[in-house]
Protein chains: 4
Amino acid sequence: MMDVVDTYRQTAHRGAVRSEASRTAILGATTRLVLERGYDHLTIEGIATEAKVGKQTVYRWWPSKGALVAECMLEGLLLPAEFLPPTTGTLRDDLTAWLRELLGFVTAPANDTLMRSLIAAAIENETVAERLNSTLGTSSALVNRLTLAVAVGELPSSAPVTEISESLVGALILQILTRTHSDPDRAESFVSAVLGPVEPG
Amino acid sequence: MMDVVDTYRQTAHRGAVRSEASRTAILGATTRLVLERGYDHLTIEGIATEAKVGKQTVYRWWPSKGALVAECMLEGLLLPAEFLPPTTGTLRDDLTAWLRELLGFVTAPANDTLMRSLIAAAIENETVAERLNSTLGTSSALVNRLTLAVAVGELPSSAPVTEISESLVGALILQILTRTHSDPDRAESFVSAVLGPVEPG
Amino acid sequence: MMDVVDTYRQTAHRGAVRSEASRTAILGATTRLVLERGYDHLTIEGIATEAKVGKQTVYRWWPSKGALVAECMLEGLLLPAEFLPPTTGTLRDDLTAWLRELLGFVTAPANDTLMRSLIAAAIENETVAERLNSTLGTSSALVNRLTLAVAVGELPSSAPVTEISESLVGALILQILTRTHSDPDRAESFVSAVLGPVEPG
Amino acid sequence: MMDVVDTYRQTAHRGAVRSEASRTAILGATTRLVLERGYDHLTIEGIATEAKVGKQTVYRWWPSKGALVAECMLEGLLLPAEFLPPTTGTLRDDLTAWLRELLGFVTAPANDTLMRSLIAAAIENETVAERLNSTLGTSSALVNRLTLAVAVGELPSSAPVTEISESLVGALILQILTRTHSDPDRAESFVSAVLGPVEPG
DNA sequence: GGCTAATCGAGACGGTACGTCCCGTCTTTAG
DNA sequence: CTAAAGACGGGACGTACCGTCTCGATTAGCC
């Protein structure tokens, strides 16, 4: 919490200090407007008005729409939290559970505009891309789960854990892009795609 | 060729017929400007000027920037062609060769702005998304190659060919989004992610 | 009647002859649209649509909006007819009767937009100006009445009949321009302005 | 001066104050363009470009071309000043001198486009009409001169001074409308039209 | 009766201007 | 020194009409 504060509060200064109320209002307004209207159609002017704040106050602290959205994601205002794969069963079961939840969230009619907005923001802004990738699991959590599987012998040590992780997250993003309202049951198939089909018997 | 003509020329009409010269000029201008400046920064006004055409002539035939870009893709103006997986060796070799080429193309410094532009366009426009997906191989060619592999016994019949295909293309798109300039040698790893590691010996 | 026909029908020709139906429809549409929306806001495109006629058919026969309106006036479609001063009583009575009627017409709420439209058209188009001037009486009828008055000794032979006429019509136009909804009773005062006050006794 | 400022500067405000430089540049550009090209052919876009100003800055402060021209007239940028009838001789001489000057100005080839432009503007915009009328003398100066004439017995007390005034100005406007390049010597005749012919002997 | 021309409706075309929205910057007053 | 308010020059939006042009379908005098 402390370090988040440090990112926006200057240490030594004279005169008024940055208003936390404004910052909160701006991020809240951004969140609301992204959800309502999507990333394109999002305007700085609209955010300032919605937040009852001067335009300059926005420009003073954020260089672009993308940066604003990135900070909203960091604050967890746009996505519920990180989607973490469980460590409770077999690799296959854990991955399937994780992917099923994510697939359900991502293709829900209420969320698909949001998800496309986040991809749009990610294209413009590298920080958003990183954060999106990380929220969906690739950057660490998913890799960790796979690494664990290697450690316990569920996967051979030659398994390309990074690429498996990216394949799963990538497949997810492709669903968003193509507007495919995939059945959550496809989670099993996607997991089979990277772990191989379930052995019969 | 005939059918392409039919898509834009009405058969029964009164009044002057649509100008093929204008249509070509507009698509050419769009292509040039997307390549030069990217999808955002692409403006209808700029396209009309570049094509030496009235703005209304653009609006008369295309509802949005996205539709324009979609038609450019259909005409093969933006991407070289379809990237087709070969059918010349083992599945693993064919997929690796295909992915290596695509990975090289996609992460080439000259192309990455274009690829992000195409994703941006895909977000706005479903037709672009479909066409992008199809050009990168998912929709049919790649699935066909995998189906063939099932037929000749290289893959078990239970292999989820659609999901394997989407995982590979998705991984590719994730490279674009995260601006990862992946080494083409990672192609092998990605293929291993879906086919399993190379068996030793 | 014959000569009116001659103005639009070529004498020697081959091929289809000018359609009287179209001409009538166009003039009718022009009349309706001027009355509804005023001279500005009048568009050739609107006229063609309203008349169910091709745009070119308008342009083929009339060079401008002004010319169209001028022809409408010639056909008596826009103004009831000419306002002619009577020759039934004294000059003063006749002029007063004439001016009273005109003042009533011109400042009627239903007509004032029309009258301003006609002035607007007159500014753009000399023919409209002449026709407007003539309809209001200046060019001949009013001058004739005044000349008659000179002949019968009601006015001295040195009376500047043209200038008296233009003063009366000019005063009328000024009422239109300034949007003054003058009481028709002012007719007497205007006549007194040019004939001198009524002699007492 | 102070009061002119007050008409456009709000007293209580927050944020930057209206730029006097922009206002002046816009009115100057409007004046130049009306004189060069006439009231029709005057475009907001052209004014903004000529004034090196954003279009919105024009729209922010003026609702229409007419309002712009009206303000130019108020600032005395379009017409030299008011044309005031002198009070130096007999009524007849004073009116003749005044009308001669005005007739000369109005029908000068250099000014007749301007005058028609002003009438066009007057039709669209009541404020222009009032200002035009007042500049040409009707609203007060001319009436005052006539009232003085009544006071000193040059005119009978029953003389309709307002109507005489409107007749003279109206006659002037009719010259403009009909594009009559009247000889300034007609001034005498017009004056005779309202004062009666010069008594012989 | 076929040929030739002109007219007609429809509407596409290259343009100009409209009036609006937003951009990112600058200027002012208040705290 | 921050903040709100908002004016500024600028760029693009999508629309309305301009006047010209190009179609296929009539229509009417002429061989």
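We name chains A, B, ... by the order of the sequence lines, and we start the count at 1 in each one.
Checking dC8(E), dA12(E), dC23(E) against every side-chain atom of Ile44(A), the shortest atom distance belongs to dC23(E). Checked against dT15(F), dA10(E), dA12(F), the side chain of Lys55(D) finds its nearest nucleotide in dA12(F). Of the listed nucleotides (dG19(E), dC13(E), dA3(F)), dG19(E) has the atom at the smallest distance from the side chain of Tyr59(D). Picking from dC18(E), dG11(E), dC8(E) the nucleotide with the shortest atom distance to the side chain of Thr43(D) gives dC18(E). Closest to the side chain of Ala16(D), out of dG6(F), dG9(F), dA12(F), is dG6(F). If you check dC17(F), dC22(E), dA17(E) against the side chain of Gln56(B), the one that comes closest is dC17(F). You'll find that the side chain of Trp61(B) is closest to dC13(E), out of dA3(F), dC8(F), dC13(E).
We find that CG of Leu68(A) is positioned 14 Å from C1' of dG24(E), with the value rounded to whole Å. What separates CH2 of Trp62(B) from P of dC13(F) is a distance of 15 Å, to the nearest Å. Straight-line distance from the CD1 atom of Ile26(B) to the C1' atom of dC13(E): 10 Å, rounded to whole Å. What separates CD of Glu45(C) from C1' of dA12(E) is a distance of 12 Å, to the nearest Å. Across the protein-nucleic acid pair, Ile47(D) atom CD1 and dT16(E) atom P stand 18 Å apart, rounded to whole Å. Protein atom NZ of Lys52(C) is 9 Å distant from nucleotide atom P of dA10(E), rounded to whole Å.
When each of His41(C) and Val53(D) is assigned the nucleotide of DNA chain F with its nearest heavy atom, Val53(D) is the one assigned upstream, toward the 5' end. Projected onto DNA chain E by closest heavy-atom contact, Pro63(A) and Gly15(B) fall at different nucleotides, the more 5' of which corresponds to Gly15(B). Between Ala51(A) and Thr57(D), the residue anchored nearer the 5' end of DNA chain F, judged by the nucleotide with its closest heavy atom, is Ala51(A).
The shortest non-hydrogen separation linking Ala129(D) to Arg179(C) is CB-NH1, 4.0 Å.
In this structure, Arg23(C) fails the cation-pi test against Trp61(C), since its NZ or CZ atom is not both closer than 6.0 Å to the six-membered ring centre and inside 45 degrees of the ring normal.
Judged by distance alone, with hydrogens and angles left aside, the side-chain atoms of Thr57(D) form no donor-acceptor pair with the main-chain N or O of Val53(D) at under 3.5 Å.
For the residue pair Glu45(A) and Thr49(A), no side-chain donor N or O sits within less than 3.5 Å of a side-chain acceptor on the partner.
The side chain of Arg60(C) contributes an N or O atom lying less than 4.0 Å from OP1 or OP2 of dC8(E). Dashed line: the shortest gap from a side-chain N or O of Ser22(C) to OP1 or OP2 of dT7(E) is not under 4.0 Å.
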Yes or no on side-chain contact (heavy atoms from CB on, under 4.5 Å) for Arg116(C) and Glu124(D), after CA distance, side-chain angles and deciding distance? CA-CA 9 Å; Arg116(C) 279 206 296 279; Glu124(D) 281 193 20; over 6 Å; no
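With the end axes of the helix from dG1(E)-dC31(F) to dG31(E)-dC1(F) each set by five pairs, the angle from one to the other reads 10° at 10° resolution.
For the pair Trp62(B)/Ile44(B), no side-chain contact is recorded, criterion being any heavy-atom separation below 4.5 Å from C-beta on.
Atoms OG1 and CG, on Thr31(C) and Leu114(C) in that order, are 10.0 Å from each other to the nearest 0.5 Å.
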